[in-house]
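Take a look at the structure set out below.
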Amino acid sequence: MKRESTGDKLFITINAIVMFLVMVIVLYPLIYIISASISDPMYVNNGDMWLIPKGITFEGYERVFRNMDIWTGYRNTIFYTVVGTLINLVLTIPCAYALSRKDLEGRNYIMVLFIFTMFFSGGLIPHYLLIKNLGMIDTPWALLLPGAVSVWNIIITRTFFQSTIPRELEEAAEIDGCSNGKLFVRIILPLSAPIIAVMGLFYGVGHWNSYFGALIFLSDRDWFPLQLILREILIINQMSDSAMLGGAEAKAQAEQARIAEIVKYAVIIVSTLPVIAAYPFMQRFFVKGVMIGSVKG
Amino acid sequence: MDTIRPSTDAPLRLGKRSRAFKRIWKNWQLYLFILPALATVVLFSYVPIYGVQIAFKNFIATKGIWGSEWVGFDHFIRFFDSYYFWDLMLNTLGISIYSLLVGFPIPILLALGLNELRNGFFKKSVQTITYAPHFISVVVMAGIILAFLSPETGIINRFMVFFGLQPIAFLSEASWFKTVYVFSDVWQNMGWGTVIYMAALAGIDPQQHEAAIMDGASRVRRIWHINLPGIAPTMIILLILSTGGILNVGFEKILLLQNQLNMDSSDVISTYVYRSGLRQAQYSFSAAVGLFNSVINLIILVAVNWIAKRKSESSLW
């Protein structure tokens, strides 16, 4: 390796500093949230706690775990995530495999049908009316079925099959008189573990984090996913907090505000924990997914 | 491959059509693989496209989509003539162009910088940490924004007071809304946005760099003349995709951050469709507004793609 010139050395140093700053900017709010969740809200609110937990208390977590809405939301979200992702995978993987086969007559026409929906849609209102006409409002189906297929994910999965399954495998299967169904179950599926993991994660995180479908289609609190409960705790309460209050009312609501404050950060941690905890293990799968997608976007 | 295979069929001299039929028949199970996904897309994407005709009708629930009477472009004209039309357009365009100008170059710069880091551990750390916020849900993200920017208790304002500045009520002042929206997005997604560029950078032939080093090219020059052109096709594709969605601003986040006080600069076409359509049940009118949005998007996408195709090698189709 050639020795670096002075200019290059300077560049390397500045670049490293900038990258370090970027890392700090992203990391700081994350650390702050964790610290705030176990600190006395008094110190959080007046700015005394700005990095390291101060006046350590677990009251926030206690209140979160005593809140039945959060438990119900958690249970529902796990249900939507598990069942929803299974439906996604059952629809996506075989379809993408079939579309990856060059000997499939008319596959380009089918692809056009799929891809067109990425660029044009009927919009929110016709979508809502359809779900209403199908009688899915206030049922979990409204969250499980409409997004059951993501065209983008089909494209990624198809690219994976095109680049990993050798054509000879299919020809050999054909010569041996192996049907496509058998070929898929016995040979293709065992080779697809990486893409199933990637797709499971893409779809799974999507289900875990989504709120809008539930907001417009569900009114029965027993079916609310976690994100809708979070919306009430983090957004709606917060809004009424920051609204101007009269002197006497302010005092009465001070305690409520303190509780809201202490619960806020704990609830962020509790709801995001499953995704964040799994994140270091999932990261390379996600990255892989994006990279497969980028081969031919 | 295709030139070898016909040997089995050729002597039979089957008609072209019956051969195609034979090929379909041979793979009938593959069509079954596609059927459920295709049915889902037809039901949940194409049926609403058919249903968008209510934009040209006076939709009455009891008469159904088909039975309601036609009114032509009445709803569109009402929308274009309304006093809030230009507010909505300017807010929508304002937020998306602002996002594009800030949000598009930052991942590129970050990827180029990351690519120059030679300490593997440091590079991995920066990547892992900057990717993480991408997985935070939009509700939690909005909650974080509200908590951090609160004028009384938010940490950002605490810092500003500490440095002798006046606290700012970021979410109650309309003028701050777009900045809050754009930079919170940058914080959440800049790291993740680099993934695709890192992949493109990894694909650049190292020989180009070796040759440039021989010629005495500095790092900055090599980034400019080798890395940047190397990722240009990826940049163009992503630029086309994001301009195609220029009127599809991050609706879910805006809806969560919107309040009476910032409405002047936070009300965009999609939040307006949500409010007038689902909250006030003006189905036909809102469907018209939504359709206007989709059509403009499609036109911009096709136009930008056409320009990209003429000016460079890269395009979507």
Side-chain angles (χ1 to χ4, degrees), chain A residues 2 5 7-8 11 15 18-19 22-23 26-27 32 45 47 50 91 94-95 97-98 101 104-105 110 114 117 119-130 146 148-149 179-181 205 209 211-212 216 227 230-231 234-235 238-239 242 264 268 271-272 275 279 283 287 290-291 294 297, chain B residues 20 23-24 27 29-30 33-34 36-37 40-41 44-45 47-49 51-52 110 113-114 116-117 126 128-133 135-137 139-140 142-143 146-147 150 153 155 158 187 191 195-196 199 213 218-220 237 244 252 256 259 273-274 277-278 283 286-287 290-291 294 298 301:
Chain A
K2 200 170 150 283
S5 69
D8 279 357
F11 173 79
N15 183 50
V18 172
M19 291 299 126
V22 169
M23 186 171 78
V26 176
L27 191 58
Y32 179 85
N45 289 345
W50 64 276
L91 292 185
C95 173
Y97 172 67
R101 288 275 297 262
L104 186 79
E105 198 73 14
I110 301 171
F114 276 114
T117 64
F119 301 116
F120 189 80
S121 76
L124 178 64
I125 305 301
H127 180 69
Y128 176 81
L129 291 176
L130 170 70
V149 174
S179 75
N180 280 312
V205 171
N209 284 344
Y211 85 96
F212 189 65
I216 60 177
Q227 298 296 331
L230 291 177
R231 178 173 162 271
L234 294 173
I235 315 287
Q238 181 80 13
M239 292 287 187
S242 56
K264 205 162 57 188
I268 289 176
S271 63
T272 315
V275 182
Y279 165 69
Q283 188 192 340
V287 172
V290 176
M291 289 193 177
S294 72
Chain B
R23 279 201 298 270
I24 292 174
N27 285 329
Q29 287 177 330
L30 293 181
F33 285 3
I34 296 173
T40 309
V41 167
F44 293 107
S45 297
V47 172
I49 291 176
V52 87
L110 190 56
L114 275 171
E116 297 301 314
L117 293 180
V126 180
T128 304
I129 287 164
T130 54
Y131 295 173
F135 300 100
I136 294 173
S137 79
V139 173
V140 169
L146 290 174
S150 156
T153 60
I155 186 69
R158 299 328 301 172
W187 178 79
V195 174
I196 197 160
I213 292 169
S218 70
R219 277 180 178 262
V220 179
I237 295 287
E252 298 198 343
L256 291 168
N259 61 40
V273 170
Y274 167 74
L278 299 188
Y283 293 130
S286 314
L291 180 60
S294 308
L298 192 63
L301 180 79

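Sequence lines set the chain letters: A, B, ... in the order given, protein chains first and strands last, and positions in each chain run from 1. This is a predicted model, so every value here is computed, not measured. Reckoned from all heavy atoms, side chains included, excluding hydrogens, waters and symmetry mates.
- Contact tally against chain B (heavy-atom pairs below 4.5 Å) for A/C95, A/G123, A/S121: the top residue is A/C95.
- Looking at A/D8, its side chain does come within 3.5 Å of a backbone N or O of B/R219 through a donor-acceptor pair.
- Of all heavy-atom pairs between A/L234 and B/G143, the closest is CB-CA, 4.0 Å.
- For the atom pair OG (B/S150) and CG (A/N45), the distance works out to 7.5 Å, reported to the nearest 0.5 Å.
- Only the side chain of B/V47 comes within less than 4.5 Å of a heavy atom in chain A; its backbone stays farther off.
- Minimum heavy-atom separation, B/F33 to A/A98: CB-CB, 3.9 Å.
- The greatest number of non-hydrogen atom pairs below 4.5 Å with chain B, out of A/R231, A/Q283, A/R101, is found for A/Q283.
- Per-residue counts of heavy-atom pairs under 4.5 Å with chain B were compared for A/F119, A/Y211, A/F120; the largest is that of A/Y211.
- Proximity to chain B (any heavy atom under 4.5 Å) is restricted, for A/Y128, to the side chain, taken from C-beta onward.
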**Q.** Steps toward side-chain contact (heavy atoms from CB on, under 4.5 Å) verdict (A/W50, B/R158)
**A.** CA-CA 9 Å; A/W50 64 276; B/R158 299 328 301 172; over 6 Å; no
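- Between chain A and the residues B/I155, B/L117, B/I24, the most heavy-atom pairs under 4.5 angstrom are made by B/I155.
- Put simply, the side chain of A/E105 never gets that close to the backbone of B/R23: no donor and acceptor are under 3.5 Å apart.
- In plain terms, the two heavy atoms of A/G181 and B/Q29 that are nearest each other are N-OE1, 2.7 Å.
- Residue A/I235 holds its CD1 atom at 5.0 Å from CG of B/L146, rounded to the nearest 0.5 Å.
- Ranked by heavy-atom pairs shorter than 4.5 Å toward chain A, the options B/N27, B/L114, B/V52, B/T40 are led by B/N27.
- With a threshold of 4.5 angstrom between heavy atoms, A/L27 approaches chain B through its backbone and through its side chain.
- Only the side chain of A/I216 comes within less than 4.5 Å of a heavy atom of chain B; its backbone N, CA, C and O stay farther away.
- Taken to the nearest 0.5 Å, the CD1 atom of B/I49 stands 7.5 Å off from the OG1 atom of A/T117.
- When heavy atoms are compared at a cutoff of 4.5 Å, A/Q227 approaches chain B by way of both its backbone and its side chain.
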Q. So A/Y97 and B/L30, side-chain contact (heavy atoms from CB on, under 4.5 Å) or not? Walk me through it.
A. CA-CA 8 Å; A/Y97 172 67; B/L30 293 181; 4.0 Å; yes
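- For chain B, no part of A/V18 is nearby; none of its heavy atoms comes within less than 4.5 Å.
- Of the residues considered (B/V220, B/L291, B/V195), B/V195 shows the highest number of contacts with chain A, using heavy-atom pairs under 4.5 Å.
- Of the two parts of B/P36, the backbone and the side chain both hold a non-hydrogen atom closer than 4.5 Å to a non-hydrogen atom of chain A.
- Of the listed residues (B/G277, B/G290, B/A132, B/G191), the greatest number of heavy-atom pairs within a distance under 4.5 Å of chain A belongs to B/A132.
- Within the 4.5 angstrom heavy-atom criterion, only side-chain atoms of A/F11, from C-beta onward, approach chain B.
- For A/Y279, the part lying under 4.5 angstrom from a heavy atom of chain B is the side chain only.
- When each of B/I129, B/V41, B/V126, B/V273 is scored by its heavy-atom pairs under 4.5 Å with chain A, the top score falls to B/I129.
- If you take CD1 on A/I125 and OH on B/Y274, they are separated by 10.5 Å, rounding to the nearest 0.5 Å.
- Residue contact with chain A, scored on non-hydrogen atoms closer than 4.5 Å, involves the side chain of B/L301 exclusively.
- Between chain B and the options A/T272, A/L129, A/I110, the largest number of non-hydrogen pairs under 4.5 Å is found for A/L129.
- Ranked by heavy-atom pairs under 4.5 Å with chain A, the list B/A287, B/P133, B/G113, B/A142 is led by B/G113.
- In this structure, CZ in B/F135 is found 9.5 Å from CG in A/N209, a value given to the nearest 0.5 Å.
- Within the 4.5 angstrom heavy-atom criterion, atoms from both the backbone and the side chain of A/L104 approach chain B.
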